[in-house]
Amino acid sequence: MTTLDARFGAVLADLCEEAADLVRPLWKSDLAVDRKSDDSPVTEADRRAETLILERLARVAPGVPVVSEEDASEFGAPGRIGRVFLLVDPVDGTKAFVRGDPNFTVNIGLVVDGVPVAGAITAPATGETWFTDAGGAFKRAAGGPAAPVRVRSWTRGASVALVSHTMKPETLKALADRYGFDGTEAMDSSIKFCRIAEGAADIYPRLGPTMEWDIAAGHAILAAAGGRVEAEDGGAFLYGKASAGFRNGAFVARGG
């Protein structure tokens, strides 16, 4: 019987790593880049990884609905979803993947009653994997043992925000004034959640659009590491927004 709690992250970690092994040889291989209806890029790496993940999830979590990025893009997201479901982003940060940047990931998250309770993320370029399990959040390198990760305490004068490459200077200044961080680092994909979870950064404010499959796994990992994700107004950030096409509003991810 499938364990529908944080321990399922260890199962998802194996799947993410298998998909990453498929994606890695395609990175920097001059794959053709197609455009989806929303003008976002998609490559054969996205499609192959999603096919593999969906096949594996059908075995390890039979009967659990899956909402996945490329399937939703091609056929439309479901108009309704149950209390338990999985969210899959086979290559999060496709723009980074296309330009040869290492900050792209494979994401799988498990949502129960609107809350991401388990998740795993692998960065194919570096072989790093972060995942939830009993007792918290963990990280392992390819072939290595897992070690626990934990958010760090906010240090005045040395706090670091992770932001998108395209953020305008005036927006960045407004966020710094609001949240009080001292430095910034531009970074793509859900790896931002993982860097906060492992204590390498402190905050990730996001104003621009994201989808639930972009961030559910990272949210689960960050929460297991002692951090949190909040709506812009400080309220709970929930999942299963089928009526909105699984689109997210603004949020802020925080460490300690």
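This one's a predicted model, so the numbers in the text were calculated from it and none came from an experiment. This chain uses plain numbering: 1 for the first residue, then up along the sequence.
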Closest approach of [X] to [Y] (non-hydrogen atoms, all atoms of both residues):
{"X": "Ala197", "Y": "Ile221", "result": "CB-CG2, 4.0 Å"}
{"X": "Ala250", "Y": "Phe237", "result": "O-CE1, 3.9 Å"}
{"X": "Lys95", "Y": "Pro41", "result": "CG-CG, 3.7 Å"}
{"X": "Asp21", "Y": "Arg24", "result": "OD1-NH1, 2.9 Å"}
{"X": "Gly180", "Y": "Ser159", "result": "O-OG, 3.7 Å"}
{"X": "Ile196", "Y": "Ala253", "result": "CD1-O, 4.0 Å"}

Requested in this report: For the pair Phe104 and Trp27, evaluate ring pair (Phe, Tyr, Trp, His ring centres under 6.0 Å) and give the outcome as yes or no after the intermediate values.
Outcome: CA-CA 10 Å; Phe104 61 94; Trp27 182 44; 5.5 Å; yes
[atom1]-[atom2] distance between [X] and [Y], expressed to the nearest 0.5 angstrom:
{"X": "Leu31", "Y": "Thr43", "atom1": "CG", "atom2": "OG1", "answer": "5.0 Å"}
{"X": "Thr51", "Y": "Leu22", "atom1": "OG1", "atom2": "CG", "answer": "9.0 Å"}
{"X": "Ile81", "Y": "Phe246", "atom1": "CD1", "atom2": "CZ", "answer": "5.0 Å"}
{"X": "Leu175", "Y": "Met167", "atom1": "CG", "atom2": "CE", "answer": "5.0 Å"}
{"X": "Ile121", "Y": "Lys192", "atom1": "CD1", "atom2": "NZ", "answer": "10.5 Å"}
{"X": "Glu18", "Y": "Leu52", "atom1": "CD", "atom2": "CG", "answer": "4.5 Å"}

Requested in this report: Evaluate side chain to side chain contact (heavy atoms under 4.5 Å, CB included) for Leu57 paired with Leu12, printing each intermediate quantity in order.
Outcome: CA-CA 9 Å; Leu57 288 175; Leu12 300 180; 3.9 Å; yes
Check: [Y] and [X] side chains under 4.5 Å, non-hydrogen atoms:
{"X": "Val106", "Y": "Pro124", "answer": "yes"}
{"X": "Phe97", "Y": "Asp46", "answer": "no"}
{"X": "Val160", "Y": "Arg195", "answer": "no"}
{"X": "Thr171", "Y": "Leu207", "answer": "yes"}
{"X": "Thr132", "Y": "Asp5", "answer": "no"}
{"X": "Trp130", "Y": "Ile191", "answer": "yes"}

Query raised in the report: Is Arg99 atom CZ crowded by more than 12 heavy atoms from other residues, nucleotides or ligands, each under 6.0 Å away?
Result: yes
**Report entry** Asp30, CG: over 12 other non-hydrogen atoms inside 6.0 angstrom
**Finding:** no
Query raised in the report: Parallel under 30°, tilted from 30 to 60°, perpendicular over 60°: which one fits the rings of His219 and Tyr239?
Result: tilted
Flag yes if [X] and [Y] sit in one hydrophobic cluster, no otherwise; membership is Ile, Leu, Val, Met, Phe, Trp, Tyr, and two members link when side-chain heavy atoms are under 4.5 Å apart.
{"X": "Val252", "Y": "Leu172", "answer": "yes"}
{"X": "Trp154", "Y": "Val163", "answer": "yes"}
{"X": "Leu110", "Y": "Ile108", "answer": "yes"}
{"X": "Leu162", "Y": "Tyr179", "answer": "no"}
{"X": "Met187", "Y": "Ile215", "answer": "yes"}

Query raised in the report: Between Val229 and Phe193, is a side chain to side chain contact (heavy atoms under 4.5 Å, CB included) present by the stated rule, with each step listed?
Result: CA-CA 9 Å; Val229 178; Phe193 290 91; 3.9 Å; yes
Report task. Please lay out, stage by stage, how Ile53 and Arg56 fare under the test side chain to side chain contact (heavy atoms under 4.5 Å, CB included). Result -> CA-CA 5 Å; Ile53 291 169; Arg56 299 297 188 266; 5.8 Å; no
Query - Side-chain donor-acceptor pair present, Asn248, Lys241, cut-off under 3.5 Å - result: yes
Please output the side-chain donor-acceptor pairs of residues 85-92 that fall under 3.5 Å, not counting sequence neighbours, one pair per line with the distance.
from	atom 1	to	atom 2	distance (Å)
Asp92	OD2	Asn107	ND2	3.4
Asp92	OD2	Ser190	N	2.7
Asp92	OD2	Ser190	OG	3.4

Query raised in the report: Can Glu44 and Arg47 be counted as an ion pair, charged N to O under 4.0 angstrom?
Result: yes
Query raised in the report: Hey, are Glu17 and Arg140 close enough for a salt bridge, meaning a charged N less than 4.0 Å from a carboxylate O?
Result: yes
Quiz: residues 64-73 side-chain donor-acceptor pairs under 3.5 angstrom, not counting sequence neighbours:
from	atom 1	to	atom 2	distance (Å)
Ser68	OG	Glu50	OE2	3.3
Glu69	OE2	Lys36	NZ	3.2
Glu70	OE1	Lys36	NZ	3.3

Query raised in the report: Side chain of Asp177, backbone of Ala174: donor and acceptor closer than 3.5 Å?
Result: no
Taking only distance into account, with no hydrogens and no angle test, what donor-acceptor pairs under 3.5 Å do side-chain atoms of residues 112-120 form with protein atoms, sequence neighbours excluded?
from	atom 1	to	atom 2	distance (Å)
Asp113	OD1	Arg83	NE	2.8
Asp113	OD2	Arg83	NH2	3.0

